[in-house]
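Side chains are part of it too, since the values below use all heavy atoms of this structure and drop only hydrogens, waters and symmetry mates. Numbering of ligands and ligand atoms starts at 1, following listing order.
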Amino acid sequence: MSELALTAEKLDAADELAAKRQEFTLDDVVYLDGNSLGALPVAVPGRVEDVVRRQWGELRIRSWTEGGWWTAPERIGDRIAPLVGAAAGQIVVGDSTSVNVFKALVGAVRLARSAGPGRDEILVDATTFPTDGYIADSAARMTGCTLRPVAPSEVRDALGDRTAAVLLNHVDYRTGRLHDLPSLTAAVHAAGAYVVWDLCHSAGALPVGLDEHGVDLAVGCTYKYLNGGPGSPAFLYVRTGLQDRFDSPLPGWNSHAEPFGMRADYRPAAGALRGRVGTPDILSMLALEAALEVWDGVTVDAVRAKSLALTDFFLECVGEYVPEGRVECVTPRPHGERGSQVALRCPDAGEVMKRLIERDVVGDFRHPDVLRFGFTPLYVGFADVERAARVLADVLA
Ligand SMILES: Cc1ncc(COP(=O)(O)O)c(C=O)c1O
């Protein structure tokens with residue numbers, strides 16, 4: 001057994017989260033793609049079966065009230081809240097991240113405008129996941145704003161008294177770079193603007209501290225580190241102090257103050273449920289609720305500590321096994337700048353990832369030349385990491 005394999009054994013033996021792996025359906029594959037689609041928690045199939053057979057099949061319409069279907073978006077939002085550092089009553093679950101980006105960004109511009117005229121610019125992370133950029137462009141056209149794509153490192157200089165809203169990613173989906181949420185949020189506020197954070201790659205992976213840092217609005221998906229399943233509903237955070245003024249661009253009947261009043265005029269509900277739109281996708285939502293049970297007894301700090309140990313160890317193994325110069329790490333080394341993934345650049349990345357997957361090491365390829373490996377501390381161990389680096393070295397050789 002190699003030195004590094006022995007180290008992996010010791011690290012796994014000392015890992016306080018190791019037992020959590022049993023709460024997931026996994027096989028012998030090294031699964032480093034939880035930043036695309038989290039693994040299946042064992043509690044989910046039984047819950048979905050109950051939702052379909054008993055709640056839908058037997059209770060039918062009664063489940064909306066007696067079974068808690070109607071209040072699921074807020075209830076599940078409150079379950080996610082501590083994972084992103086939010087007190088209860090500020091998160092609703094529903095719709096996709098893309099749709100929530102739209103609600104949050106248009107809502108942020110409207111908040112800025114309600115304070116006075118002259119705010120006619122939206123700043124967007126120029127390196128963002130494409131959907132955020134597309135939606136920001138449409139939101140800008142709809143609100144009569146100019147859209148300015150800027151690199152996150154240039155946001156501070158780009159802010160000014162014309163800035164209405166800023167849309168940023170907490171962790172870059174391609175490089176795994178962690179952006180400085182506290183100081184960027186403070187800078188946006190100092191300019192009198194509102195900030196929307198996309199937490200897709202940080203929710204469930206590292207501490208976010210939404211309340212602590214005074215974030216205005218945030219969105220995130222639940223199918224990555226929260227393991228909610230393919231297409232599971234996203235979440236929208238609106239900080240308490242803004243909820244009364246949050247003017248959603250999608251005011252559906254589910255966010256009406258009196259949804260069953262069937263009134264022609266719209267009057268928004270109080271609180272976070274103002275972010276709701278239409279009938280929630282109950283099957284996906286309740287699958288997510290079951291998936292969130294794996295977080296019982298787990299702190300995000302423990303997850304973060306293991307995540308950094310996993311990514312450090314992966315970089316160490318890659319450094320040891322992979323020939324010099326064959327890959328270039330594009331994920332920052334300092335812990336304060338690293339999410340829960342490692343991205344390696346290599347010219348033939350698409351082909352390399354195909355061959356890794358054939359050999360049971362599953363990461364993903366991001367165009368044009370990035371091998372992306374996600375580390376989900378709830379089910380990835382150190383032996384997985386050592387094996388992934390060893391197979392990668394073999395494939396590259
Ligand atoms: C940062 C980021 N934002 C948004 C999305 C897209 O979200 P959805 O397809 O759920 O709307 C993704 C998907 O991977 C993402 O990584």
May I ask you to decide whether [X] forms a salt bridge with [Y], counting only side-chain N to carboxylate O separations under 4.0 Å?
| X | Y | answer |
| --- | --- | --- |
| Asp348 | Arg326 | yes |
| Glu23 | Lys20 | yes |
| Asp137 | Arg141 | yes |

Closer than 4.0 Å to some heavy atom of [X] - which atoms of ligand 1 meet that?
| X | result |
| --- | --- |
| Ser96 | 11 (O) |
| Asn169 | 1 (C) |
| Cys200 | 1 (C), 2 (C), 3 (N), 4 (C), 15 (C) |
| Asp132 | 3 (N), 4 (C) |

Flag yes if more than 12 heavy atoms outside Tyr134 fall under 6.0 Å of its OH atom; otherwise flag no. no

Heteroatom distance test ([X], ligand 1): nitrogen or oxygen, under 3.5 angstrom:
| X | result |
| --- | --- |
| Ser98 | yes |
| Tyr173 | no |
| Thr131 | no |

Indicate whether the side chain of [X] and that of [Y] have a donor and an acceptor atom separated by less than 3.5 Å.
| X | Y | result |
| --- | --- | --- |
| Arg156 | Ser183 | yes |
| Tyr237 | Asn100 | no |
| Gln341 | Tyr173 | no |

Is Val99 touching ligand 1 with its side chain, its backbone, both, or neither, if touching means heavy atoms under 4.0 Å apart? neither

Counting heavy atoms under 4.0 Å, the part of Asp198 that contacts ligand 1 is side chain

Hey, does the Lys NZ or Arg CZ of Arg239 hover above the aromatic six-ring of Trp197, less than 6.0 Å from the centre and inside 45° of the axis? no

Minimum heavy-atom distance Leu392-Leu371, with the two atoms named: CD1-CD1, 4.0 Å

Measure the distance from [atom] to every protein heavy atom, then report the residue, atom name and distance (to 0.1 Å) of the closest one.
| atom | answer |
| --- | --- |
| atom 6 (C) of ligand 1 | Phe129 CE2, 3.6 Å |
| atom 14 (O) of ligand 1 | Lys224 NZ, 2.7 Å |
| atom 16 (O) of ligand 1 | His201 NE2, 2.9 Å |
| atom 9 (O) of ligand 1 | Tyr223 OH, 3.5 Å |

